[in-house]
Amino acid sequence: MITTIFVPGDSTALAVSADAVAAEVAAVARARGITVDIVRNGSRGLFWLEPLVEVAAPQGRVGYGPVAPEDVASLFDAGFMQGKEHALTLGKVEELPWLASQQRLTFARIGTTDPVSLADYEAHGGLAGLRRALALAPETIVQEVIDSGLRGRGGAAFPTGIKWRTALQAEGGTKYIVCNADEGDSGSFADRLLMESDPFTLIEGMTIAGLAVNATMGYIYVRSEYPHSIAALNIAIERARAAGLLGASVLGSGRAFDVEVRKGAGSYVCGEETAMLESLEGRRGVVRAKPPLPAIKGLFGQPTVINNVVTLATVPIILSRGAAFYRDYGVGRSRGTLTVQLAGNIKRGGLIETAFGITLRELLMTYGGGTASGRPIRAVQVGGPLGAYVPEHQWDVPLDYERYAELGAVIGHGSIVVHDDTANLARLARFAMQFCAFESCGKCTPCRVGAVRGVEVIDEIIAGRNRAQQTVLLRELCETMVDGSLCAMGGMTPYPVLSALNHYPGDFGEGVADAGN
Ligand SMILES: Cc1cc2nc3c(=O)[nH]c(=O)nc-3n(C[C@H](O)[C@H](O)[C@H](O)COP(=O)(O)O)c2cc1C
Ligand code: SF4
């Protein structure tokens with residue numbers, strides 16, 4: 001019998017020498033005359049254990065990790081092909097509490113399959129959603145997505161089905177589905193992990209979106225820093241076409257839909273949907289004024305649905321299991337599951353998919369295990385570079401879009417970046433303004449000029465020059481940026497700045513005498 005050994009091949013695993021581990025497994029097996037089937041699966045999201053090698057043993061999939069190339073011979077010696085004990089044994093991977101306690105719906109398949117095998121995809125429940133959608137009228141698909149309560153996972157949390165209904169009802173020639181895979185938020189990697197570990201789910205979700213709004217063409221706008229995602233998607237798209245899943249007649253239905261990948265040009269603001277459309281049309285990524293909404297007049301002036309990777313990849317399970325199944329997860333108006341990406345100074349970082357309503361404390365302590373440095377956690381930024389710093393007295397508030405809005409915070413794309421007690425929040429606030437100044441598309445004054453002035457004002461505060469007056473000025477500047485910016489780049493940069501100022505005033509020298517000029 002040939003044993004299957006899984007060695008992840010996604011970016012996270014590759015960054016910690018997974019290729020060398022896979023090569024060593026092949027070399028040792030060859031030297032010992034053992035035939036093995038090495039599958040390059042995707043990571044399951046337990047990043048601190050990568051490379052996490054799994055063996056399809058008689059008792060189930062047994063994990064070992066983190067495995068270095070020099071561990072491989074001893075793994076064979078210990079009988080890892082039969083799932084036997086070794087110093088790196090983790091036990092059955094699916095039973096690891098970190099994984100077993102999650103509710104993996106969108107990410108149910110990651111790590112379990114060969115990412116670019118369509119047969120493996122189907123064997124693990126793939127295409128069931130699409131097959132159901134093909135039997136439904138566009139309005140019925142849209143209603144199913146509305147009923148599921150799914151909201152956009154890219155940041156703004158807009159109800160997905162409502163956006164689709166607008167595009168379905170809009171007059172137009174060719175309609176488009178654009179997948180936003182620009183994933184520029186600090187600490188975020190969910191889109192990348194999905195594209196590299198289970199790309200067919202995204203293709204299936206986009207195809208269902210196409211059927212729902214009568215779009216015939218889809219583009220996936222992937223940031224240029226994700227070469228492995230682009231490669232995995234291109235292979236998957238090619239195979240989907242060869243199998244008749246994409247093309248002139250999706251699964252023989254007579255309905256056309258195709259997908260192409262477009263590489264981004266390395267700008268954070270190109271993740272903003274209208275700047276992305278500019279970029280896709282071949283121009284510099286500058287934000288467009290709205291209206292018109294892209295769902296009415298988007299790519300090449302045609303009705304266009306723009307959704308994040310995680311949003312689109314959630315659609316297949318909604319169609320296959322039904323809206324009620326998905327809506328049963330979550331709290332309040334935040335239905336379904338939240339994809340948390342735990343990053344920064346954290347002991348056990350990785351991907352956690354769980355129903356909305358979990359608290360930050362559970363994520364940081366139970367899943368994360370505290371900081372990697374062993375020092376106390378001081379600051380936690382939720383929702384990317386435009387998200388607020390959430391102080392410890394708010395860690396027990398359930399993660400729910402509305403509850404976070406009440407705090408003056410956002411969930412955004414679900415990334416969480418942790419800092420220990422060596423962090424200086426005035427410097428992090430300065431960084432937020434500097435980031436905005438650097439990434440601003442330049443179209444509106446509050447952002448283009450405001451962010452530069454913001455850096456200068458924070459520099460004055462840090463230097464202790466007219467601190468009280470400069471702090472008032474900083475608050476006024478933030479108010480202007482919130483109220484006057486054309487998009488969330490300038491409009492939300494004040495979130496990290498003001499949360500830092502409000503919750504960590506000591507870092508801004510409050511109560512300390514001015515340094516004088
Ligand atoms: C500066 C800026 C950057 C953004 N970057 C991303 C991004 O990288 N990925 C993403 O999905 N949405 C991003 N968004 C949000 C998009 O504009 C848009 O709301 C989203 O793609 C819609 O998809 P959804 O409804 O599925 O979330 C960004 C917004 C702004 C203002
Ligand atoms: S807020 Fe900034 S990024 Fe957005 S349109 Fe204005 S200048 Fe451009």
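Indexing begins at 1, ligand by ligand and atom by atom, following the structure's order.
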Shortest protein heavy-atom distance from [atom], along with the residue and atom involved:
atom	value
atom 2 (Fe) of ligand 2	Cys447 SG, 2.3 Å
atom 11 (O) of ligand 1	Asn308 ND2, 2.8 Å
atom 10 (C) of ligand 1	Asn180 ND2, 3.0 Å
atom 8 (Fe) of ligand 2	Cys441 SG, 2.4 Å
atom 13 (C) of ligand 1	Gly271 O, 3.2 Å
atom 8 (O) of ligand 1	Glu183 N, 3.1 Å
atom 27 (O) of ligand 1	Gly154 N, 2.7 Å
atom 17 (O) of ligand 1	Glu273 N, 2.9 Å
atom 3 (C) of ligand 1	Glu272 N, 3.6 Å

Q. Does NZ in Lys443 sit with more than 12 non-hydrogen atoms of other residues, nucleotides or ligands closer than 6.0 Å?
A.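 It does: Lys443 NZ has more than 12 such atoms within range.
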
Q. Can you tell me if CD on Glu171 sees more than 12 non-hydrogen neighbours from other groups inside 6.0 Å?
A.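 12 or below, so no.
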
Number the atoms of ligand 1 from 1 as they appear, then name those within less than 4.0 Å of a heavy atom of [X], with their elements.
X	result
Ala488	31 (C)
Ile306	22 (C), 23 (O)
Arg153	26 (O), 27 (O)
Thr311	24 (P), 26 (O)
Gly184	8 (O)
Asp182	8 (O)

Q. Purely on distance, is any nitrogen or oxygen of Leu386 under 3.5 Å from one on ligand 1?
A.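 No - when backbone and side-chain N and O of Leu386 are compared with those of ligand 1, no distance drops under 3.5 Å.
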
Q) Just distances here: any N/O of Tyr268 and N/O of ligand 1 closer than 3.5 Å? A)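 So ligand 1 has no N or O lying under 3.5 Å from an N or O of Tyr268.
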
Q.
One thing to verify: whether Asp258 and Arg241 come together as a salt bridge, which I'm taking to mean a side-chain N less than 4.0 angstrom from a carboxylate O.
A.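 Asp258 and Arg241: salt-bridged.
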
Q. Ion pair present between Glu122 and Arg131, side-chain N to carboxylate O less than 4.0 angstrom?
A.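 The answer is yes: the pair qualifies as a salt bridge.
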
Q. Is the distance between atom 8 (Fe) of ligand 2 and the nearest N/O/S atom of Cys444 smaller than 2.8 Å?
A.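 No N, O or S atom of Cys444 is closer than 2.8 Å to atom 8 (Fe) of ligand 2, so no.
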
Q: Test salt bridge (charged side-chain N to carboxylate O under 4.0 Å, His left out) on Glu278 and Arg288 and set out the steps.
A: CA-CA 8 Å; Glu278 288 289 300; Arg288 292 179 186 172; 2.7 Å; yes

Quick check on contacts: which atoms of ligand 2 are under 4.0 angstrom from a heavy atom of [X]?
X	value
Gly490	1 (S)
Ser440	2 (Fe), 7 (S)
Lys443	7 (S), 8 (Fe)
Gly442	7 (S), 8 (Fe)
Val269	3 (S)
Ser485	1 (S)

Geometric class of the [Y]/[X] ring pair [parallel <30°, tilted 30-60°, perpendicular >60°]:
X	Y	value
Tyr401	Phe356	tilted
Tyr121	Phe200	tilted
Phe47	Phe189	tilted

Q) Could you state the interatomic distance from CG (Asp328) to CZ (Arg335), rounded to the nearest 0.5 Å? A)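 Those atoms lie 7.5 Å apart.
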
Q: Applying salt bridge (charged side-chain N to carboxylate O under 4.0 Å, His left out), run through Asp147 and Arg327 and close with a yes or a no.
A: CA-CA 8 Å; Asp147 292 345; Arg327 198 182 48 223; 5.3 Å; no

Q.
Please determine whether Cys487 has a backbone or side-chain N, O or S atom lying under 2.8 Å from atom 4 (Fe) of ligand 2.
A.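 Yes, Cys487 qualifies, because one of its backbone or side-chain N, O or S atoms lies under 2.8 Å.
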
Q) Between Asn308 and Asp191, is any side-chain donor less than 3.5 angstrom from a side-chain acceptor? A)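 A pair is found: one side chain offers a donor N or O, the other an acceptor, under 3.5 Å apart.
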
Q | Full working for ring-ring contact (aromatic ring centres under 6.0 Å, His included) between Tyr495 and Tyr389 | A | CA-CA 8 Å; Tyr495 280 54; Tyr389 287 96; over 10 Å; no

**Q.** 4.5 Å side-chain heavy-atom contact, Phe107 and Leu351
**A.**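 Yes; the side chains approach each other to less than 4.5 Å.
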
(Q) A side-chain contact here means heavy atoms from C-beta on lying under 4.5 Å apart; do Asp182 and Tyr268 qualify? (A)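 No; the side chains remain at least 4.5 Å from each other.
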
**Q.** Any Lys163 heavy atom less than 4.0 Å from ligand 1
**A.**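 Within the 4.0 Å threshold, so yes.
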
Q. Where do Arg192 and Glu225 land on the salt bridge (charged side-chain N to carboxylate O under 4.0 Å, His left out) test, with the steps shown first?
A. CA-CA 10 Å; Arg192 185 188 74 210; Glu225 295 87 341; over 6 Å; no

